[in-house]
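Here's the structure, in structure tokens; my notes come after.
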Amino acid sequence: MGRYRTHVTPLPLALLVLATGPAAPAPTEAVEVPVDVRSPWTDLAVRTEVETLRSARLAWSDRRGVREAVARFYAARDWTPAWLLAGRPTRAALGVAAVLAGAEARGLDPEDYGAPALADALAGLATSVALLDDGRAAALDVGLTVAALRYAGDVRRGRVDPALLGHELPPDAAPPD
């Protein structure tokens with residue numbers, strides 16, 4: 001069972017879609033760390049994680065091109081983490097985890113996006129003194145991005161491929177940029 005089998009995880013449009021959902025409980029307070037503590041090892045770990053995702057066998061259908069969207073997103077960021085700073089979750093990360101945890105309000109299963117595991121990992125980091133190693137931090141960061149894109153796509157276009165039901169509708173739109 002691969003890391004992305006049940007593992008799903010700031011994208012402007014995706015965050016807009018996520019923010020339009022029902023009000024979620026306020027996330028645990030995150031520890032904000034200055035950006036200048038960026039580690040080149042973490043950037044390398046993010047790049048490695050994205051490349052692993054691009055070549056991994058997935059348990060979920062990637063009919064919206066989430067893998068390539070994730071690769072473009074991190075490449076544009078020069079492979080820096082999007083949700084973690086110095087191994088700590090940002091407020092945005094905790095907010096997205098809360099939205100994913102509330103997926104049932106939109107008729108979706110939070111488990112499909114790895115919401116419980118992501119929320120637990122982020123909450124533990126927000127309150128913990130210990131920092132993650134670069135590889136685990138990268139896996140969590142990329143996982144949250146994947147979950148956010150998958151959720152945003154499912155909210156936007158649904159989970160069922162209309163062609164499987166005999167309907168010929170326009171092809172799915174690309175994932176949010």
Leu140 and Leu122, any side-chain heavy atoms less than 4.5 Å apart:
yes

Side chains of Thr145 and Tyr74 only: does a donor on one sit below 3.5 Å from an acceptor on the other?
yes

If you look at every heavy atom in Leu125 and Arg88, which pair is closest and at what distance?
O-NH1, 2.9 Å

Can you check whether Trp83's main-chain N or O pairs, donor with acceptor, with Asp141's side chain at less than 3.5 Å?
yes

Distance-minimising heavy-atom pair for Asp109 and Ala103:
C-CB, 4.4 Å

Quick check: do Arg150 and Asp62 have side-chain heavy atoms less than 4.5 Å from each other?
no

Distance-only, no hydrogens or angles: does the Arg91 side chain make a donor-acceptor pair with backbone N or O of Gly95 under 3.5 Å?
no

Over all heavy atoms of both residues, which pair between Trp79 and Val46 is shortest? Give the atoms and the distance, please.
O-CB, 3.3 Å

Distance only, no hydrogens: is a donor on one side chain within 3.5 Å (strictly under) of an acceptor on the other, for Asp112 and Tyr151?
no

Main-chain N/O of Val70 paired to Arg54 side chain as donor or acceptor, under 3.5 Å
no

For the student: nearest non-hydrogen atoms of Asp43 and Thr80, plus distance
OD1-CA, 3.5 Å

Do you know which two heavy atoms are closest between Pro110 and Ala101, and how far apart they sit?
CG-O, 3.5 Å

Backbone N/O of Val155 and side chain of Arg106: donor-acceptor pair under 3.5 Å
no

What are the two closest heavy atoms between Ala119 and Ala97, and how far apart are they?
CA-CB, 4.3 Å

